[in-house]
Amino acid sequence: MAFRNKLSFFVFVLFVFLVSATFSLADEKEDLDQLLRKCKQQCRTQPGLDKQEHQKCERDCEEYVKVRQRQQEEGQGGKQGDGLQSDRYKDCVDFCYRWPKSAQLQHCLETCEQVAGAVIEKFLNTEEREDPQREYEKCQQGCQERRWSQERVRSCLKECDEHRKQREQEQGGRGGQEQGGQSEEKGRQGKGGQSEEEGQQGKVQLLEKFNKRSDLLQGIENYRISYLEANPSTFAVPNHVNAETIFFVLSGQGTITLLQENNRETHNLERGDIIMVRAGTILSFVNRDNKEKLRVASLLQPDNVPGDVKAFVGAGGRDPESYYNTFSNEILEAAFNVKGDQLRKLFEGQNKGVFLKASQEQIKALSRDESSEHGTGGPWPFVHGKSQSNKPYNMFNKERLSQSNQYGKFYVVSQDDYKMLQELDVQLSYANITKGAMIGPYYNSRSTKIAMVVNGNGYIEMACPHISQQQQQQGQGQGRRQQGSQQGEKGQRGSTSTYQKMSGRISRGDVYVTPAGHPFVAVASNDENLEVVMFEINARYNHRYQLAGKNNILKQLEKEAKELSFNVPAKQVEEILNKQQGSLFYPGPKQQQQQQGGHADA
């Protein structure tokens, strides 16, 4: 019973993690009633809890929503997306300290550590922020309460100090720098490192560094995920980024223009298009549709400091700020050979933000799918310094359908398909899981998968030995351990587990990471299909090993190996391994029960 009580608490804190930060792909924020319904639904669907524990979990949901409501009324929190909710770990720690029923503080903090690897991030809009000193005190408290080495704690405290200085500079720099009453700050930096550029016509959001979420993600610290959303008939001003970038169009119809030396390319984009843009290339986006929003996800690999992505705007003014304004007047006059008053008109006239409403005539002119070359470079493919055009490649070409059955479709764009992916050693894949069905279990031999939920909802499960190992190390030398939080989670089969089950609900906009070698499953809800786009890092020589179905890799074992490994006759092993005739996509748990004559609810 002690373990099950811990499990129910784990479930509830995991829910707190998921609801306390939201990716604004969704058009409307959930109210507290929806929050309560979702929390109770997670309590009811969580396996391993008896009726009494389900009821306790639901009561905890009610109490938690009351706390959120009080915070909203007091101006401390409120709807999802308000306040300081961007750092999920910090939210969990805050919950542990203020929650009246979390008497087992240390276990609560450990739970925050465990669930940190399940769903990496949901983006949000950060409108109001606490006083820097209060943030600093909370940050210090979080560092000191985590079971880290002294060196890691010192590093954490140093980060708190650097963040406080940055926040004080931000506050000190506001006000007087803006002219003409334009004091609204368009670009914002979330406390966890998530940055955002937003206006009435669109927004860009950048997910914070992965290694800030978990030490287990150090291998992808030099990759970042970004999301762009532009309203109909909108133009995004030209800029360049210090990162190699792979764009994937989630929905809508757009146009991208790329400027490189002696070369300009313009390409129309639609859902499923992939295009890679090299660092330093000046680019601009247009949403050429007059009804639907343009939504684009991107993977970035910075060329300078690992994970440090910076955008540079030249064709701007005061908002967005042009980097030309950084230079002294005499330098600009010499460079442009014009007088300073003319330069001021040019570089101070724009104050409407990154995303601008454009007329239909302007959209039509900007959306011509053509490339023009100038000088001696010559037409593609003979443009000087380039091996190939940046022409987009569409994910949903029929020949890219890697695997398909009634339970789902799996698309892959490999480095052989789109040669430019070779530069980053990346491939893209897309899973469309039929409602109620599931993908996996499977694992990638060497690729780490960064996945974003495009549409639908469901849940994921992953076997992780690292979290369990951390628990064991934390438990050593403690002398006495409480039942249920010992070296590893005690599974349904009654033995101390080598692996920790990482699980969580996922919905549109969620980003999660599956490290190489980790067995993984995703299950779609019974209401709608679950669609996920995946950026697979270290794709060269990667193999996707299925752990069930007709292509189960374990079916290749010799009979003797099967008998020795499972300690049952080989014939019995083979009967079980051969039972499932599908491949990659299978009926989900409830569908399977129905097919076997069960009475699970649809």
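What's counted below: heavy atoms across the whole structure, side chains too, no hydrogens, waters or symmetry copies. Only a predicted model underlies this, so the values are computations on that prediction, with no experimental measurement involved.
In summary, E229 and R295 engage in a salt bridge, as defined by a charged side-chain N under 4.0 Å from a carboxylate O. Looking at D308 and K310, a side-chain N of the basic residue comes within less than 4.0 Å of a carboxylate O on the acidic one, giving a salt bridge. The pair E531-R271 counts as a salt bridge, with a side-chain nitrogen and a carboxylate oxygen less than 4.0 angstrom apart.
Counting heavy atoms from C-beta on, the side chains of I460 and M502 never come closer than 4.5 Å. For the pair V532 and V454, the minimum side-chain heavy-atom distance is 4.5 Å or more. Counting only heavy atoms from C-beta outward, the side chains of Y223 and F535 never approach each other to under 4.5 Å. By the 4.5 Å heavy-atom criterion applied to side chains, D417 and Y393 are counted as neighbours. Contact of the L299 side chain with the V426 side chain is registered, since non-hydrogen atoms from C-beta on lie closer than 4.5 Å. Contact check for F248 versus L428: side-chain heavy atoms found under the 4.5 Å cut-off. Proximity of I439 to F410: side-chain heavy atoms (C-beta onward) are separated by under 4.5 Å at one or more points. Contact annotation: the side chain of L300 approaches that of L206 to within less than 4.5 Å [non-hydrogen atoms, C-beta and beyond].
Within the 3.5 Å criterion, the main-chain N or O of L584 finds a donor-acceptor partner in the side chain of Y586. A donor-acceptor pair under 3.5 Å is absent between the side-chain atoms of R446 and the main chain of H543, judged by distance alone. Judged by distance alone, with hydrogens and angles left aside, the side-chain atoms of S226 form a donor-acceptor pair with the main-chain N or O of Q205 at under 3.5 Å. A donor-acceptor pair is defined here as one N or O able to donate and one able to accept, closer than 3.5 Å; such a pair exists between the side chain of S414 and the backbone of D416. Side chain of N552 to main chain of G549: no donor-acceptor pair is present (N/O by atom type, distance under 3.5 Å, no hydrogens or angles). S565 contributes a side-chain N or O that, together with a main-chain N or O of A561, makes up a donor-acceptor pair within less than 3.5 Å. Not a single donor-acceptor pair under 3.5 Å links the side chain of N242 to the backbone N or O of P302. Here the side chain of S447 pairs no donor or acceptor atom with the backbone of N444 at under 3.5 angstrom. Looking at R224, its side chain does come within 3.5 Å of a backbone N or O of G307 through a donor-acceptor pair. In this structure, T434 contributes its side chain and Q406 its backbone to a donor-acceptor pair below 3.5 Å.
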Kindly indicate, with the supporting measurements, whether the criterion side chain to side chain contact (heavy atoms under 4.5 Å, CB included) is fulfilled by F520 and Y442.
CA-CA 6 Å; F520 171 86; Y442 72 91; 4.3 Å; yes
Trace of the salt bridge (charged side-chain N to carboxylate O under 4.0 Å, His left out) decision for E221 with K212
CA-CA 8 Å; E221 66 173 336; K212 294 291 186 181; over 6 Å; no
Given the rule in the ring pair (Phe, Tyr, Trp, His ring centres under 6.0 Å) test, do F396 and Y411 qualify, once you have shown the distances and angles that lead to the verdict?
CA-CA 7 Å; F396 301 119; Y411 300 84; 5.0 Å; yes
Apply side chain to side chain contact (heavy atoms under 4.5 Å, CB included) to Q427 and V412, showing your working.
CA-CA 8 Å; Q427 77 172 18; V412 175; 3.9 Å; yes
Would you sort out whether E536 and R544 count as a salt bridge (charged side-chain N to carboxylate O under 4.0 Å, His left out), showing the intermediate values?
CA-CA 11 Å; E536 300 184 29; R544 186 178 299 104; 3.6 Å; yes
Given side chain to side chain contact (heavy atoms under 4.5 Å, CB included), test L421 with I246 step by step and report yes or no.
CA-CA 8 Å; L421 297 178; I246 299 172; 3.6 Å; yes
Show the numbers, then the answer: is there a side-chain hydrogen bond (donor to acceptor under 3.5 Å, both in side chains) between N457 and E528?
CA-CA 7 Å; N457 61 85; E528 57 184 333; 3.0 Å; yes
Test V296 against L250 for side chain to side chain contact (heavy atoms under 4.5 Å, CB included), laying out the working first.
CA-CA 5 Å; V296 181; L250 302 170; 6.0 Å; no
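The nearest pair of heavy atoms linking H518 to Y443 is O-CB, 3.6 Å. Residues V521 and M438 approach most closely at CG1-SD, 4.2 Å, considering heavy atoms. Nearest heavy-atom pair across E244 and A279 is OE1-N, 3.3 Å. Of all the heavy atoms in M534 and A431, the pair that sits closest is CE-N, 3.6 Å. Listed here is the closest heavy atom pair of V305 and N222: O-OD1, 4.1 Å. Nearest approach of I553 to Y545, heavy atoms of both residues: CD1-CD2, 4.0 Å.
Atom CE in M452 sits 11.0 Å away from atom CZ in R508 (nearest 0.5 Å). Once rounded to the nearest 0.5 Å, the distance linking CD of Q403 with OG of S583 reads 3.5 Å. The structure places CG of N394 at 4.5 Å from CG of D273, a figure rounded to the nearest 0.5 Å. How far CG of L217 is from CG of N211: 8.0 Å, rounded to the nearest 0.5 Å. Note: L424 CG to I537 CD1 = 8.0 Å, rounded to the nearest 0.5 Å. A distance of 11.5 Å separates CG in D425 from CD in E423, rounded to the nearest 0.5 Å.
For the residue pair N578 / K555, a side-chain donor-acceptor distance below 3.5 Å is found, with atom types taken as modelled.
Note that K409 lies outside the cation-pi zone of F585, set by a 6.0 Å cut-off to the ring centre and a 45° limit from the axis.
Taking the six-membered ring where the residue is Trp, F285 and F247 present perpendicular rings, their angle passing 60° and hence far from 30°.
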